[in-house]
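Have a look at the structure below before the remarks.
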Amino acid sequence: MYCLSGHPTLPCNVLKFKSTTIMLDCGLDMTSTLNFLPLPLVQSPRLSNLPGWSLKDGNAFLDKELKECSGHVFVDSVPEFCLPETELIDLSTVDVILISNYHCMMALPYITEHTGFTGTVYATEPTVQIGRLLMEELVNFIERVPKAQSASLWKNKDIQRLLPSPLKDAVEVSTWRRCYTMQEVNSALSKIQLVGYSQKIELFGAVQVTPLSSGYALGSSNWIIQSHYEKVSYVSGSSLLTTHPQPMDQASLKNSDVLILTGLTQIPTANPDGMVGEFCSNLALTVRNGGNVLVPCYPSGVIYDLLECLYQYIDSAGLSSIPFYFISPVANSSLEFSQIFAEWLCHNKQTKVYLPEPPFPHAELIQTNKLKHYPSIHGDFSNDFRQPCVVFTGHPSLRFGDVVHFMELWGKSSLNTVIFTEPDFSYLEALAPYQPLAMKCIYCPIDTRLNFIQVSKLLKEVQPLHVVCPEQYAQPPPAQSHRMDLMIDCQPPAMSYRRAEVLALPFKRRYEKIEIMPELADSLVPMEIKPGVSLATVSAVLHTKDNKHVLQPPPRPAQPTGGKKRKRASDDIPDCKVLKPLLSGSIPVEQFVQTLEKHGFSDIKVEDTAKGHIVLLQEAETLIQIEEDSTHIICDNDEMLRVRLRDLVLKFLQKF
Amino acid sequence: MLKSQDLSSRILSFSLRLAGIFAAQENCFQYLQQGELLPTLFGEAGPLGGAAWTAPTVRSGWVQGLRTLARHPSALRFLAACGAVDTIFSLQGDSSLFVASAAGQLLVHVLDLAMRGPAEGRRGPRARDWPACAQKIVCHIEDSLCSAATPQVTQALNVLTTVFGHCRGLWTQGLWVRLSPLVARLLEKDPVPASHSLVDLLLSVARSGPRGAAGGVGRSSSVLSSDRGLWETLAQTLSHLSPTQAGPLALGILKLQDCPQALRTQAFGILLQPLACVLEAAAQAPGTPGLLEGAAGDSMTVDTLLSSKSACVGLLCCALAHLGLLQPLPQRPSPWPQVPLLGAVVTILRLCSGSAAPTSDVGGRLCAILVGCGRVQRAALDFLGALSQGTGPQELVTQVFSILLEYLMSPESSSMVLKKAFQATLRWLLSSSKTPGCCDLDPHTQQFLRELLPVLQKRLCSPCWEVRDSGLEFLTQMTRQWGGRTGFRQALLASEVPELTRQLLRDPESYVRASAVTATGQLSGWGLRATPASPERPGAQQESLLGELLHILSTDSEGFPRRAAMQVCTEWLRDGRADVAEDPERFVAGVLQAASRDLDWEVRAQGLELALVFLEQLLGQRGSRCPYSVGLPETAPPGVLAQALQVLCRVQLFEFAFRALFDCDRPVAQKSCDLLLFLRAKAASCGSLQEAGDSPSVASVEATLQRWQAGEQGQPLGYLEPGAIVAVLRSVDLEGLRDTLAESSDHVEKSPQSLLQDVLAAVGVLGENEADCY
């Protein structure tokens with residue numbers, strides 16, 4: 001397995017399995033954008049007047065590229081993303097890419113469009129549709145604020161060394177890339193083939209891959225990759241909580257030789273229920289005080305659950321008159337899409353469709369004008385905008401998107417609150433370019449993916465022979481080294497991997513499946529050697545194509561022409577030698593000795609050895625060594641005697 | 001009747017018990033014996049072993065019948081003759097737990113009966129003098145104690161526990177002398193069989209002496225005081241049982257008033273051991289003073305703690321609960337290790353929240369087991385609350401408050417954990433402010449309050465109603481205790497808590513509304529009202545709180561908020577709150593009108609309480625309830641009484657009280673009766689009031705009351721003159737009504753007359769109806 005990503009929840013691994021090359025997810029690490037200045041939607045005097053950064057010796061040659069804000073240094077340029085490793089393996093050799101959920105496909109255009117990739121991508125329909133929305137939003141956020149400058153000087157290794165943290169410690173900055181275009185997105189998405197849960201997809205006859213529901217998001221999947229005798233489970237971003245998606249299919253993960261486990265919760269100490277409670281309480285407190293609430297979020301996923309919680313909560317908390325705004329270029333599509341993917345939803349929501357009712361209650365919030373959605377802050381929104389209010393908008397990194405505007409607008413008042421619910425970015429780093437900040441900040445990350453207790457139960461349930469996981473899961477978090485409960489605990493211990501590492505998976509290749517042609521099967525004469533077990537000898541030609549093995553009848557032997565066999569160089573038909581019969585059975589020593597005596601041998605001695613027996617014919621100076629799978633007759637150049645003895649041995653064995 | 005072929009099992013069971021009741025008197029027993037009825041019922045000729053015996057109710061009837069019957073020597077002879085004792089032995093293992101338990105108790109009863117009697121004084125420890133029946137039972141117990149089957153041992157131990165718990169004869173000492181070696185032998189087995197029952201027995205024996213905490217009253221002499229063996233057995237048991245099993249025994253020993261110090265030390269050590277292990281495992285530096293001086297963590301306890309999550313949680317919860325029970329007792333060990341216990345419980349709470357960072361291996365594993373464990377959190381918070389009765393060094397108290405705040409703030413705390421955290425916080429706050437001579441809060445408490453109130457604010461906005469409810473309860477209690485303290489008042493008024501509390505009066509959850517009503521009442525009583533809503537705060541309403549309460553009282557669909565509103569109204573009237581005192585008559589009339597229509601009996605009862613308060617304010621206090629107090633009878637001047645009655649008529653108090661007199665819920669009727677009796681006494685003490693004895697209105701009132709009593713409550717009383725009221729009060733038999741109401745609600749069903757009716761009914765219509773066997 002080639003590990004191309006160091007981010008445990010945004011994996012990108014390539015698995016070479018049974019002569020196929022399979023890429024498992026292609027997550028895009030967007031935490032690199034935290035090093036950049038935010039892209040304001042409306043001209044921000046504060047951001048544009050930030051002082052340039054200069055070295056300790058006063059050298060200011062980087063002051064155009066780097067700006068200083070409250071003691072932190074940021075790159076003043078179009079944000080860039082950290083791509084998966086591209087040098088470890090030739091990505092043009094990748095046959096297929098399997099996508100597990102829409103968060104784990106954000107690097108897809110970089111892979112499919114720039115590496116010579118010619119294969120197929122497999123994903124479920126909601127994954128593709130919502131993935132497209134996420135990419136569209138990302139491209140939109142970045143393209144609508146064109147930035148003339150593209151900083152690259154700071155990336156020079158000699159210069160980077162001189163920079164303050166965290167820029168100094170940023171890894172692989174030379175490989176960071178600007179965002180893709182919509183054209184690249186469309187081209188990448190056109191390579192996707194849609195699949196449904198439990199659908200079996202044959203890859204070159206060698207491997208079968210199957211997506212299974214993983215319970216985390218709409219259309220999110222785990223994948224089974226199996227040959228006839230080996231099974232790899234790829235578990236990525238799964239949830240056992242009852243939220244909106246279809247529940248996780250655990251049973252199908254049983255009997256795996258190897259289980260690759262990625263995408264666990266990023267906040268293992270926070271229980272999503274408690275966090276939702278925090279979210280609601282803080283939201284209510286702020287709004288009651290006349291403040292506004294800003295929720296930086298992705299346009300799909302947890303937002304559906306949050307809106308559902310608020311639907312139940314706002315009346316009881318007396319917040320019915322407070323407007324909720326959802327601002328995203330894809331807000332409308334996201335809200336609509338969620339209502340049409342009924343077959344991908346949990347049972348409760350599916351049944352609503354038959355009533356018929358919309359599965360998510362945000363439809364009612366929209367209908368009653370409690371929730372309003374806009375593509376951006378420009379246009380209708382500015383006419384409808386009323387305070388105090390609650391705004392859901394992206395991007396959670398606070399570096400681009402409409403959220404930048406609200407941070408600038410509301411940051412100065414302590415009445416307002418920003419509530420972080422997405423766990424992908426450190427909220428302190430996200431807030432750094434907005435300091436000093438008067439508005440309250442609440443961190444209640446809601447991550448419904450598996451925690452370590454659930455993983456432990458899952459592993460007990462499905463019992464894989466080996467577990468493979470990112471290195472972050474094989475040890476407690478560095479800040480809480482005593483928390484032995486915050487790591488994967490299994491036997492044998494999990495094999496861990498890190499970015500740019502190649503891991504040999506512990507398969508014991510033992511069998512291959514071979515088909516027998518019917519006419520060949522007809523010619524077999526099985527012989528029962530013990531009840532239920534029959535054997536037959538077969539002479540055939542093994543034909544291998546597309547990883548499928550077939551035994552075909554051997555060609556008829558060439559008619560003997562004369563006494564000598566002829567062999568032509570051009571004749572590729574294998575020689576059919578006269579076959580010696582195969583032998584089976586065991587030799588009962590006592591009876592064998594009796595037989596020997598009957599045939600005139602005397603002075604027989606039997607010795608027991610570790611592996612069997614040695615029968616000594618002292619007079620004939622001969623030794624018969626009988627072991628479980630071999631018999632040797634050792635005599636001194638007396639071929640006659642050897643053949644006699646051999647025939648006596650053969651009497652005890654079955655021939656076929 | 002018994003000869004009937006198709007006698008139902010319930011009738012048969014009833015007959016057995018009835019015969020037992022009759023035969024409890026010796027002469028009656030003799031009479032029944034003459035008719036050979038008793039052997040037919042209880043002997044082998046009876047249901048015993050027959051088809052009817054398969055019904056548990058018949059076996060139960062058989063045991064209960066014999067239990068009632070066995071009250072005299074003749075009964076003993078009868079039991080011996082009919083072989084009943086052997087049947088009782090076998091019934092000890094009956095499949096019905098009720099029958100098995102009753103059989104065990106019957107065995108004890110028979111043994112006690114056999115050992116009592118004319119020669120009791122001589123029946124001391126010498127077992128060979130005991131009657132044959134007793135010998136037989138004791139031999140059976142001995143056999144059971146030696147049995148390899150645990151159920152048999154359990155039965156024997158349970159029987160002995162009952163003997164030492166209930167029997168007060170000298171012979172019990174002899175019994176213990178005879179059986180204690182067998183009991184001690186149980187400890188040699190591994191694992192110790194029936195350990196729970198063994199613990200019960202040993203504690204029962206220990207308590208049966210005059211040294212026992214509960215026992216000893218009326219004992220002529222000590223049964224076991226000379227027996228040093230008991231203490232040795234207890235000590236051995238403590239060391240043989242597993243830490244989890246030994247906990248209840250250790251607690252029982254520590255509750256004994258008179259017990260050797262060494263044993264108490266050993267027992268206390270058992271209870272402290274799990275906490276000592278935790279403290280040691282989590283110690284940051286070696287050599288930190290532990291809970292058990294000089295003793296390292298017991299390896300068996302450590303093994304139990306680390307063996308599995310359930311074992312660890314079980315042991316810690318038991319230890320915390322036992323110590324919590326021990327803490328308030330006068331006989332708790334002294335010196336009480338308050339400081340290390342506080343340290344231990346704070347450590348446990350930190351391990352559970354994940355905020356502890358133990359360096360040792362055991363600590364790390366404990367942390368992994370305990371983190372997020374709600375059961376241990378609840379038990380630890382309970383115990384932490386109990387420890388608030390003692391003190392500790394300021395540094396540790398600061399840690400206590402800090403861990404409590406951590407729990408109150410943590411989004412991970414479940415609603416039950418939060419409730420316990422609020423309760424523990426309240427106890428610690430109240431105990432920390434007890435400093436004598438200090439009328440306001442100390443700076444530490446003041447600081448804590450400043451941090452606490454924002455948390456409380458957030459909790460009052462929780463989407464989980466249980467959390468909102470716990471928060472309001474906490475606020476109510478705090479205000480009740482500290483409503484007058486300047487520091488508290490300032491902090492509270494500076495926060496949004498009063499405003500939020502008021503908003504929760506409209507909470508969708510009825511329990512929360514009820515708690516909000518109580519909290520608002522309490523806040524308002526101390527003048528801690530929400531600051532008036534400012535114009536820029538939309539949605540805030542300025543309507544009066546009184547109006548809101550009356551609104552709840554008359555419109556809320558759930559009983560709890562209405563009950564709470566009624567209580568607040570009563571308190572306000574009692575305390576003379578300003579907006580009530582402005583026009584109390586209107587206030588009382590409004591509240592009574594709402595209460596009279598209420599379907600909830602508690603609201604109606606509370607309405608009567610309010611009416612009583614109003615009466616007392618008009619006519620003076622009721623007489624002292626203490627029967628021994630000396631006081632002159634209070635008399636109200638006639639003018640005052642007449643005036644008061646006029647007021648009462650205007651607020652329609654009589655209509656409310658008379659309706660309540662015939663209320664279908666007894667407590668309401670009782671309360672109304674008391675109120676009217678009080679009023680009548682007041683009226684009597686002031687004889688000059690003009691009565692309207694024979695006026696038509698009196699007659700019509702009486703007629704209406706009769707109809708109400710008959711259940712026709714539709715007709716109103718209409719406006720009444722004070723004179724008519726006094727006349728009606730005198731004419732109604734309030735004392736008779738009070739006596740009837742004082743009877744328990746099932747007194748009719750329990751009367752002998754009812755039993756006779758049932759018997760007659762069973763005999764008369766046998767085959768059609770079954771007797772009601774209760």
Side-chain angles (χ1 to χ4, degrees), chain A residues 267-291 306 308-323 386-389 415 417 440 442-446 451-453 456 476-477 479-487 489, chain B residues 282 309 351 353-361 363-373 409-415 417-418 454-468 471 495-496 499-500 502-509 512-513 533-534 536-541:
Chain A
I267 321 287
T269 51
N271 161 28
D273 283 340
M275 288 299 158
V276 169
E278 282 290 291
F279 173 80
C280 291
S281 310
N282 285 299
L283 183 144
L285 268 181
T286 305
V287 175
R288 276 182 175 152
N289 271 334
L306 283 180
E308 184 154 0
C309 285
L310 287 172
Y311 170 78
Q312 290 160 0
Y313 179 67
I314 50 177
D315 285 336
S316 69
L319 304 176
S320 319
S321 58
I322 302 297
R386 196 153 56 80
Q387 302 190 69
C389 65
L415 280 180
T417 305
K440 284 193 283 285
I442 306 289
Y443 183 55
C444 24
I446 298 168
N451 62 29
F452 290 100
I453 298 170
S456 162
Q480 292 167 295
S481 55
H482 65 285
R483 293 289 298 267
M484 305 301 283
D485 56 316
L486 301 184
M487 60 180 277
D489 179 23
Chain B
K309 179 162 181 163
L351 285 170
S353 71
S355 59
T359 45
S360 72
D361 186 35
R365 287 164 68 191
L366 269 179
C367 183
I369 290 176
L370 291 179
V371 73
C373 176
M409 286 167 97
S410 169
E412 299 302 301
S413 299
S414 70
S415 57
V417 168
L418 271 177
V455 180
L456 180 60
Q457 243 164 256
K458 195 175 73 181
R459 294 300 180 194
L460 292 181
C461 293
S462 168
C464 172
W465 71 263
E466 289 94 336
V467 174
R468 299 196 297 274
S495 75
E496 291 158 42
E499 173 61 27
L500 281 171
R502 183 141 177 197
Q503 285 180 14
L504 289 174
L505 289 175
R506 289 185 290 275
D507 197 275
E509 180 59 47
V512 180
R513 287 201 300 280
S534 55
E536 58 276 13
R537 284 189 197 169
Q541 292 168 4

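Letters A, B, ... are given to chains in the order of the sequence lines, protein chains preceding strands, and every chain is numbered from 1.
- Using modelled atom types, no side-chain atom of B:Glu412 and backbone atom of A:Gly274 make a donor-acceptor pair closer than 3.5 Å.
- A donor-acceptor contact shorter than 3.5 Å links the side chain of A:Arg288 to the backbone of A:Ala317.
- Note on B:Cys461, B:Ser410, B:Gly354, B:Pro508: by heavy-atom pairs under 4.5 Å with chain A, the leading option is B:Cys461.
- Heavy-atom neighbours of A:Asn282 CG from other residues, nucleotides or ligands within 6.0 Å: above the threshold of 12.
- Summarising the geometry of A:Phe452 relative to A:Asp485, their closest heavy-atom pair is CB-O, 3.4 Å, with the distance given to 0.1 Å.
- With a threshold of 4.5 angstrom between heavy atoms, B:Gln457 approaches chain A through its backbone and through its side chain.
- With a threshold of 4.5 angstrom between heavy atoms, B:Arg365 does not approach chain A through any atom at all.
- Contact annotation for A:Ser321: neither backbone nor side-chain heavy atoms come within less than 4.5 Å of a heavy atom of chain B.
- Side-chain contact, B:Glu499 with B:Gln503: a donor N or O sits under 3.5 Å from an acceptor N or O.
- Of the atoms belonging to A:Thr269, it is backbone heavy atoms, and not side-chain ones, that fall under 4.5 Å from chain B.
- With A:Asn289 contributing its side chain and A:Gly291 its backbone, the two residues share no donor-acceptor pair below 3.5 Å.
- Counting heavy-atom pairs closer than 4.5 Å to chain B, the top residue among A:Ala284, A:Ala270, A:Pro476, A:Cys309 is A:Ala270.
- The residue among B:Cys464, B:Ser462, B:Ser413, B:Gly364 with the most heavy atom pairs within less than 4.5 Å of chain A is B:Ser462.
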